[in-house]
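Quick note: numbers below take in every heavy atom, side chains included, and nothing from hydrogens, waters or symmetry partners. One-based numbering, in listed order, for ligands and for the atoms of each.
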Amino acid sequence: MSMVGIDARARALEALAGEIAACHGCELAATRTKTVPGTGTGSSGICVVGEAPGAREDQVGEPFVGRSGQLLDRLLDEELGLTRSEIAIVNVVKCRPPANRAPKPAEVSACGGFLERQLEVLSPGVIVTLGNVATRLLLRTTEGITTLRGKTFPYGSTVVVPTFHPAAALRGGADILASMRADLVRAKEVAQCS
Ligand code: URA
């Protein structure tokens, strides 16, 4: 992509971040410290979609800057040879749910338009969904991540590669981590073909 393309993309994402900062579309607006619109323009063609900001993300205003984020950064480096600056990272929900509870359906649906528009602007070659919330939303399914991972799914003109959420790997150990590594390698192969 040309630098003009990346500049235009960055401007469009910044405009969306402004809309997100002003949003009071659900009850999470009342308890958030900062909105967390996402980072990166996705020059590698890869977009990662997480669930919702946690405590640290809420303070900093950036996705995946806590323990899950450190693991994500390590996997991106070791399996894809990429830094987070080359990847777009967004969440389904842009404000922290209190006490890190799962986002409610009303919150997911209030924020859904922002995610859709971010994906339109980013136009990634591959979308890596982390965990159940992001995967179920994009694939419009109630199946769980354990069933869905290890496969690729069409999503408009792009492809979704579902994998576990890094928080699950932090809790669950070696098998989950190995699956995440394999899924990221698959995502890289898809991105290179797109
Ligand atoms: N977990 C997520 O799903 N997103 C973040 O930004 C941080 C932790």
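Residue-level proximity to ligand 1 for Ala52 is carried by the backbone, the only part with a heavy atom below 4.0 angstrom. Residue Glu57 touches ligand 1 through its side chain alone, judged by heavy-atom distances below 4.0 Å.
A salt bridge is absent between Arg56 and Glu62; no separation between the charged side-chain nitrogens and carboxylate oxygens falls under 4.0 Å. Look at Glu19 and Arg117 and you find a salt bridge, because one of the NZ, NE, NH1 or NH2 atoms lies within 4.0 Å of a carboxylate O, short of that distance. Classification of Arg101 and Glu107 as a salt-bridged pair holds, one side-chain N sitting under 4.0 Å from a carboxylate O.
Atoms of ligand 1 lying under 4.0 Å from at least one heavy atom of Glu51, given by number and element, are 2 (C), 3 (O). Counting the atoms of ligand 1 from 1 in the order shown, those under 4.0 Å from a heavy atom of Gly50 are 3 (O).
Expressed to the nearest 0.5 Å, how far CG of Leu13 lies from CG of Leu122 amounts to 5.0 Å. Here SG of Cys47 is found 7.5 Å from CG of Leu115. Values are rounded to the nearest 0.5 Å. Summarising the geometry, atom CD1 belonging to Ile87 is positioned 4.5 Å from atom CD1 belonging to Ile46; distances are rounded to the nearest 0.5 Å.
For ligand 1, the polar-atom distance check finds no N/O of Pro63 at less than 3.5 Å from any of the ligand's N/O atoms.
Counting protein heavy atoms only, atom 1 (N) of ligand 1 is closest to His165 NE2, 3.2 Å. Counting protein heavy atoms only, atom 4 (N) of ligand 1 is closest to Asn91 OD1, 2.8 Å.
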